Amino acid sequence: MNTLEIENLSVEVGGKKILKDITLHLPGGETMVFFGPNGSGKTTLMLTIAGMPEYKVTDGKIVFNGEDITSMKVDERAKRGLGVGFQLPPEIIGVKLRDMVKICGGKNPREDLTREESELIERFNLGDFINRDLNSGFSGGERKRAEMLQLLAMKPVMLLLDEPDSGVDVGSLRLVGRELQNYLDSSGASALIITHHGNILEHIKAETACVMMDGRIWCRGDPGEIYDNILEKGYRGCVECEIRHPGEGL
């Protein structure tokens with residue numbers, strides 16, 4: 001269960017081809033990390049998996065738990081357990097964090113918080129924020145903790161996380177990483193995580209890592225080894241190595 005298969009996926013945004021023949025297998029219960037510079041296609045891949053309408057699939061398909069979801073709408077994919085944690089969650093005036101937690105949990109905002117939801121709020125140290133407008137005046141760490149709180153309230157079976165370690169202080173990163181890993185361990189969910197600097201790897205166990213550049217996946221392998229190669233050679237150096245020795249990291 002929770003298995004993601006992507007076959008020869010190509011995607012356009014605004015008439016421009018961004019992803020080129022992406023093939024990917026993420027087994028159930030595993031976590032995969034994506035490295036790559038800005039503009040490499042990482043976020044495009046994640047939002048295409050999530051079903052955002054501006055991302056047009058021109059070739060290939062996306063299969064989740066044996067079902068072709070390529071043409072499904074965002075809400076249909078969410079009902080099947082796909083959950084997204086955005087890099088820059090928006091501020092929404094007039095909507096309380098308390099109500100968003102209930103909505104994410106599939107309840108009417110007029111209902112009371114369950115004990116489980118209240119405990120989750122406390123674990124994210126957001127008890128003082130639940131009656132505030134969503135992300136209004138929140139710091140980077142508070143905003144990220146609120147985003148992960150809403151995501152876990154949905155109880156997804158696959159987490160799509162866009163830079164959960166971006167713009168986050170050390171304490172918030174440790175807390176977010178701990179809660180995400182606890183959820184992955186207890187639920188058996190899968191995760192695809194985008195990161196630039198790899199700090200999330202200090203708190204989340206990943207089985208596989210990939211490097212994306214120019215809309216393609218160039219190599220796959222052990223997250224620690226790939227991260228060390230990036231620090232030593234840079235993204236371009238990793239790609240040049242793959243070009244010289246094709247397939248060794250796949």
Side-chain angles (χ1 to χ4, degrees), residues 1-7 9 11 13 19 22 24-32 34 41-57 60-92 94-111 113-114 116-117 120-121 124 126 134-135 143-164 176 179-194 204:
M1 294 294 289
N2 312 334
T3 299
L4 178 69
E5 297 277 358
I6 297 176
E7 301 176 13
L9 186 72
V11 175
V13 180
L19 299 183
I22 298 290
L24 177 69
H25 173 69
L26 178 59
E30 292 195 5
T31 295
M32 179 179 290
F34 269 80
K42 304 184 304 298
T43 298
T44 294
L45 175 60
M46 180 169 291
L47 296 182
T48 300
I49 296 169
M52 297 302 176
E54 60 267 37
Y55 296 86
K56 182 182 178 182
V57 175
K61 62 181 179 179
I62 304 169
V63 178
F64 182 56
N65 284 339
E67 184 178 16
D68 189 340
I69 64 170
T70 312
S71 300
M72 287 185 184
K73 296 180 180 179
V74 174
D75 61 321
E76 294 174 319
R77 302 185 197 207
K79 289 174 182 176
R80 283 160 175 76
L82 291 175
V84 182
F86 294 95
Q87 179 186 358
L88 299 171
E91 177 181 303
I92 304 178
V95 178
K96 306 301 182 186
L97 177 59
R98 173 195 294 269
D99 294 336
M100 281 302 300
V101 172
K102 297 175 190 175
I103 291 168
C104 289
K107 301 203 307 294
N108 190 301
R110 290 189 292 271
E111 296 181 54
L113 289 165
T114 65
E116 182 181 8
E117 289 165 342
L120 187 62
I121 289 167
F124 277 100
L126 289 169
L134 185 62
N135 295 326
R143 188 172 291 219
K144 192 70 71 173
R145 297 201 317 266
E147 180 75 355
M148 295 302 106
L149 164 64
Q150 295 165 75
L151 176 64
L152 296 193
M154 293 175 62
K155 298 182 178 179
V157 297
M158 176 164 287
L159 286 69
L160 306 172
L161 304 175
D162 193 356
E163 297 193 38
V176 164
E179 291 302 325
L180 287 173
Q181 188 61 58
N182 286 343
Y183 179 79
L184 292 170
D185 287 341
S186 62
S187 67
S190 307
L192 193 158
I193 303 175
I194 292 173
I204 291 182

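Every value quoted in this text rests on a predicted model; they were computed, and no experiment measured them.
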Run the side chain to side chain donor-acceptor pair (under 3.5 Å) test against [X] and tell me which residues pass, sequence neighbours left out.
X: R143; result: none
X: K155; result: E116
X: K102; result: none
X: T114; result: E117

Mind listing the side-chain donor-acceptor pairs of residues 24-32 below 3.5 Å, one per line with the distance, residues two or more places apart or on another chain?
unit_1, atom_1, unit_2, atom_2, d
H25, ND1, E5, OE1, 3.3
H25, ND1, E5, OE2, 2.4

- request: List the steps and the verdict of side chain to side chain contact (heavy atoms under 4.5 Å, CB included) for M158 and R80.
  value: CA-CA 9 Å; M158 176 164 287; R80 283 160 175 76; over 6 Å; no
Side-chain contact, heavy-atom cut-off 4.5 Å: [X] with [Y]?
X: L97; Y: D99; value: no
X: I194; Y: L160; value: no
X: L134; Y: K96; value: no
X: L152; Y: L180; value: yes

- prompt: For M148 and F124, which heavy atoms make the closest approach, and how far apart are they?
  reply: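 Answer, listing the atom of M148 first, then F124: CB-CE2, 3.7 Å.
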task: Locate the shortest heavy-atom distance separating A146 from N135; write the atom from each residue and the value.
output: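 Distance-wise, the nearest heavy atoms are CB-OD1, 4.0 Å.
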message: Closer than 3.5 angstrom, by distance alone: can the side chain of E67 be matched with the main-chain N or O of V63 as a donor-acceptor pair?
response: no
message: Taking Q87's backbone N and O only, do any of them form a donor-acceptor pair with K144's side chain (distance below 3.5 Å, no angle check)?
response: yes
task: Go through V13 and K56 one step at a time and tell me if the side chain to side chain contact (heavy atoms under 4.5 Å, CB included) criterion holds.
output: CA-CA 6 Å; V13 180; K56 182 182 178 182; over 6 Å; no
- prompt: Hey, what do you get for CD1 (I62) to CG (L4), rounding to the nearest 0.5 Å?
  reply: 7.5 Å
- line: To the nearest 0.5 Å, atom CG of N2 lies from atom OG of S187 at 7.5 Å
- prompt: Got a sec, which residues hit salt bridge (charged side-chain N to carboxylate O under 4.0 Å, His left out) with E111, two or more places apart in sequence or on another chain?
  reply: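 Per chain and number, E111 pairs via salt bridge (charged side-chain N to carboxylate O under 4.0 Å, His left out) with no residue.
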- prompt: Who passes salt bridge (charged side-chain N to carboxylate O under 4.0 Å, His left out) against E179, sequence neighbours left out?
  reply: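 Partners of E179 under the salt bridge (charged side-chain N to carboxylate O under 4.0 Å, His left out) test: R123.
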- prompt: Excluding sequence neighbours, so at least two apart, what forms side-chain contact (heavy atoms from CB on, under 4.5 Å) with L88?
  reply: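 Partners of L88 under the side-chain contact (heavy atoms from CB on, under 4.5 Å) test: none.
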- request: Quick one: list whatever passes side-chain contact (heavy atoms from CB on, under 4.5 Å) with P156, sequence neighbours left out.
  value: L151, M154, L159, Y183
task: Any pair with a residue in residues 69-78 that passes side-chain hydrogen bond (donor to acceptor under 3.5 Å, both in side chains), sequence neighbours left out, goes on the list, sorted by first then second residue, please.
output: D68-T70
Solution key, residues 43-51 side-chain donor-acceptor pairs under 3.5 Å, sequence neighbours excluded:
unit_1, atom_1, unit_2, atom_2, d
T43, OG1, D162, OD1, 3.4
T43, OG1, D162, OD2, 3.0
T48, OG1, T44, O, 2.7

message: Show, in sequence, the C-alpha distance, side-chain angles and deciding distance for F86 and V84, and conclude whether the side chain to side chain contact (heavy atoms under 4.5 Å, CB included) test is met.
response: CA-CA 6 Å; F86 294 95; V84 182; 3.7 Å; yes
message: Please evaluate residues L161 and F34 with respect to the criterion side chain to side chain contact (heavy atoms under 4.5 Å, CB included), reporting the C-alpha separation (whole Å), side-chain torsions for both, the decisive distance (0.1 Å), and the verdict.
response: CA-CA 10 Å; L161 304 175; F34 269 80; over 6 Å; no
